Amino acid sequence: MAPTTEVSPTCLIALKHFVVAQDIAQIVAEFDPGAQVILVTDPRSIALTEGVERVWLAFLGIGPSRVAEDPLAQAVLRRGGQLVLISDEAEETEATGDWWVLPRPFTTDAVLSLLQRASASA
């Protein structure tokens with residue numbers, strides 16, 4: 001079930017690999033056709049979050065050690081978003097309340113599971 005907010009949820013996908021980002025974007029769009037999906041191939045593009053009041057979920061290609069210093073991750077957290085990290089370091093570290101991990105190679109079901117989890121906590 002998709003998020004039940006009056007405003008369409010915003011999902012940010014900031015990954016170096018555009019094809020991977022597109023795969024996740026397509027899964028998000030099928031899960032919630034009303035969701036706004038922002039694709040970022042340069043994770044330093046924090047300007048893309050300007051004007052976005054709330055981020056529902058953000059898939060970032062960084063490790064947990066970079067979350068505190070990463071401007072995009074901090075912008076997402078300030079907007080109430082849940083981080084999903086996709087990296088070697090993230091896969092080797094236990095998830096916390098601030099971030100979840102999407103292990104690679106990922107499946108559609110794995111992404112859907114995270115979307116459902118995020119919807120339940122929205």
Side-chain angles (χ1 to χ4, degrees):
M1 181 165 80
T4 56
T5 58
E6 290 182 25
V7 177
S8 294
T10 298
C11 180
L12 177 70
I13 303 169
L15 301 171
K16 290 187 297 187
H17 303 288
F18 189 69
V19 173
V20 174
Q22 283 184 310
D23 285 346
I24 294 172
Q26 182 177 352
I27 296 167
V28 171
E30 289 172 2
F31 178 77
D32 184 355
Q36 175 186 7
V37 179
I38 301 173
L39 288 175
V40 180
T41 54
D42 182 355
R44 295 169 294 178
S45 300
I46 192 168
L48 292 174
T49 63
E50 291 177 12
V52 176
E53 287 185 31
R54 184 167 182 339
V55 175
W56 168 51
L57 198 58
F59 293 85
L60 305 178
I62 63 171
S65 64
R66 291 193 41 216
V67 168
E69 65 191 37
D70 185 83
L72 194 54
Q74 290 305 305
V76 168
L77 292 173
R78 279 193 306 275
R79 288 165 175 80
Q82 177 64 53
L83 301 177
V84 178
L85 305 183
I86 305 171
S87 69
D88 291 337
E89 181 190 349
E91 291 174 14
E92 297 168 359
T93 309
E94 194 168 321
T96 70
D98 285 341
W99 51 269
W100 301 335
V101 176
L102 179 60
R104 298 161 298 168
F106 65 86
T107 63
T108 298
D109 288 341
V111 176
L112 287 172
S113 177
L114 288 172
L115 296 173
Q116 290 166 345
R117 183 176 172 192
S119 292
S121 62

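Atom set for the values below is all heavy atoms of this structure, side chains included, hydrogens, waters and symmetry mates excluded. Computed from a predicted model, the values in this text were never measured in an experiment.
Residues passing the side-chain hydrogen bond (donor to acceptor under 3.5 Å, both in side chains) test with Gln36 are Thr10, sequence neighbours excluded. Residues meeting the salt bridge (charged side-chain N to carboxylate O under 4.0 Å, His left out) test with Glu91, sequence neighbours left out: Arg104. For Leu102, the side-chain contact (heavy atoms from CB on, under 4.5 Å) partners are Ile24, Phe59, Val84, Ile86, Phe106, Ala110, Val111, Leu114, not counting sequence neighbours. Not a single side-chain hydrogen bond (donor to acceptor under 3.5 Å, both in side chains) links Thr93 to another residue, sequence neighbours left out. Residues forming a side-chain contact (heavy atoms from CB on, under 4.5 Å) with Ser65 (at least two apart in sequence, or on another chain): Glu89. Among residues two or more places apart in sequence or in another chain, the side-chain contact (heavy atoms from CB on, under 4.5 Å) test is passed with Ala29 by none. Every residue two or more places apart in sequence or in another chain was checked for a salt bridge (charged side-chain N to carboxylate O under 4.0 Å, His left out) with Asp109, and none qualifies. Residues forming a side-chain hydrogen bond (donor to acceptor under 3.5 Å, both in side chains) with Trp100 (at least two apart in sequence, or on another chain): none. Shown here are the salt bridge (charged side-chain N to carboxylate O under 4.0 Å, His left out) partners of Arg54, two or more places apart in sequence or in another chain: there are none. Residues satisfying the side-chain contact (heavy atoms from CB on, under 4.5 Å) test with Gln26, not counting sequence neighbours, are Glu30.
The two residues Cys11 and Trp56 have their closest heavy-atom pair at CB-CE3, 4.3 Å. Minimum heavy-atom separation, Leu39 to Gln22: CD1-CG, 4.3 Å.
Applying the salt bridge (charged side-chain N to carboxylate O under 4.0 Å, His left out) test to every pair with at least one member in residues 110-122, sequence neighbours left out, gives no pairs at all.
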